[in-house]
Participant: 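The structure is given below, and queries will be raised subsequently.
In what follows, chains are A, B, ... by sequence order, proteins preceding strands, each numbered from 1. Keep in mind that this is a model prediction, so the values were computed, not measured.
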Amino acid sequence: MPELPEVESVRRGLATHLLGRRITAVQTYGERVIRYAPHGLEPVVGGTVTAIGRRGKFLWFDFGRQALVAHLGMSGQFRLNCEELPHVRAHITFDDGTLLDFVDQRTFGYLAPDDYRADGEEKVPCRVCHIARDLLDPQCELPFLVQKTKAKRTQIKRVLLDQTVVSGIGNIYADEALFAAGIHPASFACDLTELQLTVLYCEAKAVLCRALEAGGTSFDALYVHVNGESGYFDRELRAYGRTGLPCLRCGAIMQRTVVAGRSSVFCPQCQVFNESEGTFGAGCGKI
DNA sequence: CCCCTCTCCTGATCGC
DNA sequence: TGCGATCAGGAGAGGG
C-alpha cells in the first residue's frame, strides 16, 4: 500500500523521466479514475511538466498554473513504457514518445486536473489544501504537531492516520512508529505525555526515512516503482504483518487488535495502554 | 468544530 | 470443485 515513502519513490521516478515533457494525448478507462475530474483529463493536454510535487500521499504534476493531482489509493501505480498490464485506468502520452500508464487494481486511486491555491510561499493544488504537512516537510514543526495531537480526544492510531493532522502515514508506518515508541495503538492521544508524543513522531519520521532509503514497502505487490521494481522495506518491518510472531524486542507474542476499523499489530509487553498520562511502555526509549 | 461510521473496489484466502 | 463470506485499506461523504 503506498504511503509516504512509496509515493516519494514514485515521485522521484516520475521526475527523472518526465520533467520538461509535454503531454500530447490522454486516454482514460472507466469513470472511477476521473470521479473528481468533471472534464476528465482533457484540461492537461498540452501542459509541460515543470515539477512533480508531493504532500503526504498526494502527488501532482506541475504545469505552472495548473496541476494534475494523483492519489494512488490502495493499489495505484504509475508505470513508464511498460508492457500491457491489467487494470490500466489511464494512459498518458508525452511529446518524446514516453508512455505513462496509471494502473490501479482496487480503484481507490484517482487523477484530477486542479488549480493552485497559495499556501504561504508555496502553491498547493486545491484538492490538497486540507492535507497537513508531512514529517519530511522542512516546514513541519514538531512542537506544533505535538500540541495538535495532545488536544485530540481520540486514540493515537486514529490521529496518526488522520491526514489533516500529519500526512503520509498509513496503516503500515503507524504500526511501525507505535511499536518503535512503545505506545499502544488504542491509547488516547490526550493521555500521552509531550515526551511520548515527541518520541513517537521522531520514530515515525525515522521509519519513513529508512523506508524511503529502501525504496518503500512492497508488502503485497500492490506497490512498485515506475519501472515495475519492488521496494525492500518489507524485510525490515517490526510490527506490521507480524501477528502471532515473537516481538523482535522482548519475545512476547505480537497481538492484533482493531483501531479505527484498521488492523493494528502491537506487542502486549512493549506497548502498554496508557490509562492516564505518564505510563510508558517497556520498550520506549530503546531506539 | 470534533469525532465517528460507512462506503467505494478487487483479488486472495478460507470454510463448507 | 465450487461458491459464498471475509478481509485488506485511503479518504471523502455524511451523521451525531
Side-chain angles (χ1 to χ4, degrees), chain A residues 1-8 10-11 28-38 54-60 69-78 85-90 102-112 114 124-135 147-178 185-192 204 208 211 216-224 234 237 239-244 255-266:
Chain A
M1 291 124 274
E3 303 180 29
L4 188 153
E6 294 75 37
V7 177
E8 175 60 17
V10 170
R11 191 198 67 78
T28 56
Y29 305 92
E31 287 298 307
R32 259 186 76 75
V33 69
I34 47 169
R35 62 193 180 281
Y36 301 119
R54 182 188 61 74
R55 178 174 288 188
K57 306 172 200 173
F58 286 78
L59 59 81
W60 59 87
V69 174
H71 198 289
L72 303 180
M74 288 290 303
S75 56
Q77 304 176 354
F78 277 113
L85 293 170
H87 311 303
V88 172
R89 310 301 179 187
F102 182 68
V103 181
D104 188 14
Q105 179 200 101
R106 297 188 192 172
T107 76
F108 281 22
Y110 64 83
L111 301 174
D114 201 3
V124 176
C126 296
R127 290 205 64 80
V128 185
C129 283
H130 68 293
I131 299 297
R133 293 183 186 279
D134 58 67
L135 291 168
Q147 289 311 315
K148 204 154 100 176
T149 304
K150 186 108 180 86
K152 294 288 182 183
R153 301 187 182 286
T154 188
Q155 295 150 316
I156 187 63
K157 174 139 178 189
R158 284 185 185 275
V159 180
L160 289 178
L161 295 175
D162 184 343
Q163 305 298 304
T164 67
V165 176
V166 61
S167 67
I169 301 174
N171 207 35
I172 294 176
Y173 299 114
D175 279 7
E176 293 300 312
L178 289 163
S187 291
F188 282 82
C190 52
D191 286 341
L192 297 167
L208 293 175
T217 304
S218 298
F219 188 79
D220 51 12
L222 290 182
Y223 159 72
V224 292
D234 58 319
L237 295 175
Y240 186 86
R242 290 187 48 83
T243 305
Q255 292 183 8
R256 176 187 179 275
T257 185
V258 174
V259 178
R262 296 292 173 249
S263 176
S264 302
V265 185
F266 67 101

Participant: Any base atoms under 4.0 Å from A:M74, or only sugar-phosphate, or nothing? Heavy atoms, all strands.
Facilitator: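 If one applies the 4.0 Å heavy-atom cut-off, A:M74 turns out to touch a base.
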Participant: Could you give the CZ-to-C1' distance, from A:R106 to B:dT7, as a whole number of Å?
Facilitator: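 Taking CZ of A:R106 and C1' of B:dT7, I get 15 Å after rounding.
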Participant: Tell me if a side-chain donor or acceptor on A:Q163 pairs with a main-chain N or O of A:I169 at a distance below 3.5 Å.
Facilitator: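 Answer holds: yes.
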Participant: For A:Y110 and A:G261, take the nucleotide of DNA chain C holding the closest heavy atom to each; which residue's nucleotide lies nearer the 5' end?
Facilitator: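 Comparing both residues, the 5'-ward one is A:G261.
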Participant: Between A:Y36 and A:M1, name the one whose nearest nucleotide on DNA chain C is closer to the 5' end.
Facilitator: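 The residue whose closest nucleotide sits nearer the 5' end is A:M1.
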Participant: List in numerical order all residues of residues 151-159 of chain A for which some heavy atom is under 4.0 Å away from an atom belonging to DNA chain B.
Facilitator: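 The stretch gives A:K152, A:R153, A:T154, A:R158 as the residues lying under 4.0 Å from the strand, ordered by number.
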Participant: Contact class for A:S263 (heavy atom, under 4.0 Å): base, sugar-phosphate, or nothing?
Facilitator: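 Sugar-phosphate contact only - A:S263 comes under 4.0 Å of backbone atoms but never of a base.
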Participant: Can you confirm whether A:Y110 sits close enough to A:R127 that some side-chain heavy atom of one is under 4.5 Å from a side-chain heavy atom of the other?
Facilitator: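 A side-chain contact under 4.5 Å exists here.
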Participant: Just by distance, do the side chain of A:K150 and the backbone of A:L192 share a donor-acceptor pair under 3.5 Å?
Facilitator: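 Yes; at least one donor-acceptor contact below 3.5 Å.
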Participant: For the residue pair A:L237 and A:R242, establish whether any side-chain heavy-atom pair is separated by less than 4.5 Å.
Facilitator: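 No, side chains not in contact.
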Participant: How many whole angstroms separate atom NE2 of A:H87 from atom C1' of B:dA12?
Facilitator: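 To the nearest whole Å, that distance equals 12 Å.
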Participant: Just the rounded figure in Å: distance from P of B:dC8 to CZ of A:R89.
Facilitator: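 Rounding to the nearest Å, CZ of A:R89 and P of B:dC8 are 16 Å apart.
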Participant: Roughly, in whole Å, what's the span from CZ in A:R35 to C1' in B:dC9?
Facilitator: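 So the CZ-C1' distance, A:R35 to B:dC9, works out to 9 Å.
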Participant: If you define the side chain from C-beta out and look only at heavy atoms, does anything of A:H87 sit under 4.5 Å from A:V103?
Facilitator: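 Yes, side chains in contact.
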Participant: On DNA chain C, reading 5' to 3', which nucleotide is the first and which the last to sit with an atom under 4.0 Å from a heavy atom of chain A, could you check?
Facilitator: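 Contact boundaries, 5' end first: C:dA8 to C:dG12.
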Participant: With a 3.5 Å cut-off and no angle check, do the side chains of A:D234 and A:T217 form a donor-acceptor pair?
Facilitator: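 There is no such pair (donor and acceptor under 3.5 Å, judged by atom type) between the side chains of A:D234 and A:T217.
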Participant: At under 4.0 Å between heavy atoms, what does A:R32 touch on the DNA or RNA strands: base, sugar-phosphate, or nothing?
Facilitator: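 Contact class for A:R32: sugar-phosphate only.
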Participant: Measure the shortest side-chain to side-chain distance between A:Y240 and A:M1 over non-hydrogen atoms and say whether it is less than 4.5 angstrom.
Facilitator: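 A:Y240 vs A:M1: side chains touch.
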Participant: Within a strict 4.5 Å, meaning less than it, do heavy atoms of the A:R106 and A:L222 side chains meet?
Facilitator: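 Yes, close enough: below the 4.5 Å cut-off.
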Participant: Please state how far atom CG in A:D104 lies from atom C1' in B:dT10, giving the value in whole angstrom units.
Facilitator: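 The distance from CG of A:D104 to C1' of B:dT10 comes to 10 Å, rounded to the nearest Å.
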Participant: Is there a side-chain contact between A:Y36 and A:V69 (heavy atoms, below 4.5 Å)?
Facilitator: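 No, side chains not in contact.
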